[in-house]
Amino acid sequence: MPELPEVEIVKQSLQKSINLRKIVKVVVNNRNLRFKIEKDFEKNIKNKVIKNVSRKAKYLIIELENDKYFIIHFGMSGTLHLIKKNKNQKRTNLSFYHSNILGKKHNHVLLFFDKFKIIFNDPRRFGFFKFFKNRSTLQKYLSKNGEEPLSPLFNLSYLKKNILSRKKNIKNILLDQKIVSGIGNIYASEILFYSRVHPMKLGNEISIIELKKILKYSKFVLRKAIKNGGSSIRDFKNTDGNEGYYQQKFKVYNKENETCPNMLCISKITKRVISNRSTFFCENCQK
DNA sequence: CCGTTAACCTGAGAGC
DNA sequence: TGCTCTCAGGTTAACG
C-alpha cells in the first residue's frame, strides 16, 4: 500500500516515538505474512533498545543495539498504530498509519514499550517483518533493489545505464524495484504525466530529454508528496492523526474521464490497465 | 539474462 | 439484504 513517501512519513513519526526506547514484550499473533516470521524473531528483538529508525525505498528499518536490525514492509494494506497505555486501552490520536476499521483479527504483530504499544495490522498479509543479525546481511538484502529516486546516485548516468536498453515499457520500469526502488503505482502515473512520457513507451524509445524529465520529476513528485504528508487515498494518517493531503494534488491518478490538468489541453484522462495495474495518463500530452 | 503473467490475500463498494 | 463481481498504495515464482 504505501509507497516511498508514506513510509517516510511513518519513519518520521516513529523516530519521535520509539527512538531509544526498549521493546519490553513482543507478541506475534500470525506468523504467516508474505514471508513467515522466523521462530526466534521475538527472542531476537525482545529487551533491545531501538537505536534508530530509517528507511530505504519502501522498507522501514529499525536498528537495535549491538548491530541488530529488523525491517518492516507494508505490502498493500499494512498499517502501524501507536496505542498509548491507559485504563480503557483507547486509541489515542497518535496512530500514524491508521485504518478506520481496525479489525482485531488482522493485528499480527504487537511491540510493547513502557508506555505504549505498536500494532502492525495487515488484512491482506502482503507485508512482512525480517530480522538481520548484522549490518552487512541487512545491506546485502537491501542491495537487491535498485537506487531510490531521492538518492544522489539516482542520476542521469544511472538512468541511461538502466533504462535506455530495456524493451519493457517505462511504467513497468518505474515499478520494477530492481531498477528503481520506492516508486509505486500512484507515483508512477504522476511522474510520467509531469514528464510528458507515454506509459507504454519502451525504455529503448526514451530520449535523453525525456530521461532528464523522468529524473527531475521522480525526485520532484516524491519530495512534494513527503512535504504534503503522503497520500491518504484510504486510511493513511500521520503522527497527529491527520491525513496526508498529497492525494489532493494528484494530476492523473484515479482521474479517469476528468479533463487533463494541463490548461492548454482539453483531452480526458485515460485509464489503461498495464500489467494488471491501473495506469492513468493523458493521450494528448504524453507521447 | 529479459519481459510478462498469475498468484498470493482480504475487504470495500458497485451493480443487480 | 444479500449475492457476485471488480478492484485495491506490492512483490515474485514460474514460464517462454
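Order of the sequence lines sets the chain letters (A, B, ...), proteins ahead of strands, with each chain counted from 1.
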Has A:R277 got a side-chain N or O lying under 4.0 Å from the OP1 or OP2 atom of C:dG9?
yes
Give a yes/no answer on whether the side chain of A:R124 brings an N or O atom under 4.0 Å of OP1 or OP2 in C:dG10.
no
Counting only Watson-Crick pairs (N1-N3 plus N6-O4 or O6-N4) and G-U wobbles (N1-O2, O6-N3), all under 3.5 Å, who is the partner of C:dG9?
none
Is there a side-chain contact between A:K58 and the phosphate of C:dT11, meaning an N or O under 4.0 Å from OP1 or OP2?
yes
Between B:dC9 and C:dA14, how far apart are the two P atoms, rounded to whole Å?
14 Å
Between C:dT12 and B:dG11, how far apart are the P atoms? Round to whole Å, please.
24 Å
Return the value, rounded to whole Å, for the distance between atom CD of A:Q177 and atom C1' of C:dG9.
12 Å
Rounded to whole Å, the CZ-P distance (A:F35 to C:dG10) equals 15 Å
Expressed as a whole number of angstroms, how long is the span from A:L4:CG to C:dG10:C1'?
14 Å
Relative to A:Y253, does A:K255 satisfy both conditions: NZ or CZ under 6.0 angstrom from the six-membered ring centre, and within 45 degrees of the ring's axis?
no
On DNA chain B, nearest-nucleotide positions of A:R34 versus A:S275: which is more 5'?
A:S275
Taking A:E148 for its side chain and A:K56 for its backbone only, find out whether a donor-acceptor pair lies under 3.5 Å.
no
For A:K105 and B:dT10, give me the distance from atom NZ to atom C1', rounded to whole Å.
8 Å
Flag this pair as yes if the NZ/CZ of A:K160 is under 6.0 angstrom from the six-membered ring centre of A:Y158 and inside a 45 degree cone about the axis; otherwise no.
no
Could you identify the nucleotide paired to C:dC3, looking across every strand shown and requiring Watson-Crick or G-U wobble geometry with both distances under 3.5 Å?
B:dG15
As a test of understanding, state which of A:F35, A:F74, A:F70 forms a ring-ring contact (aromatic ring centres under 6.0 Å, His included) with A:F128.
A:F35
Is there aromatic stacking of A:F126 against C:dT11, centre distance under 5.5 Å, plane angle under 30°?
no
Any A:H106 side-chain N or O less than 4.0 Å from OP1/OP2 of B:dG11:
yes
Using a heavy-atom cut-off of 4.0 Å across all strands, would you classify A:N276 as base, sugar-phosphate, or nothing?
base
Would you say the side chains of A:N185 and A:K171 form a donor-acceptor pair under 3.5 Å?
yes
List the steps and the verdict of salt bridge (charged side-chain N to carboxylate O under 4.0 Å, His left out) for A:K133 and A:D67.
CA-CA 7 Å; A:K133 61 181 189 293; A:D67 199 37; over 6 Å; no
Might you work through the ring-ring contact (aromatic ring centres under 6.0 Å, His included) test for A:Y194 and A:F220, ending with a clear yes or no?
CA-CA 10 Å; A:Y194 278 98; A:F220 172 82; 5.4 Å; yes
Is any side-chain N or O of A:H73 closer than 4.0 Å to OP1 or OP2 of C:dT11?
yes
Between A:I71 (CD1) and C:dG10 (P), how many Å, whole number?
16 Å
Quick one, which residues of residues 161-176 of chain A touch DNA chain C with a heavy atom under 4.0 Å?
none
Using a distance-only test with no angle check, is there a side-chain donor-acceptor pair under 3.5 angstrom linking A:Y69 and A:T137?
no
Tell me: NZ of A:K36 to C1' of B:dC8, nearest whole Å?
15 Å
From CZ of A:R125 over to P of C:dT12, roughly how many Å is that when rounded to an integer?
17 Å
Grab the CD1-P distance between A:I274 and B:dA6 for me, whole Å please.
16 Å
Within less than 4.0 Å of OP1 or OP2 of C:dA8, is there a side-chain N or O belonging to A:S278?
yes
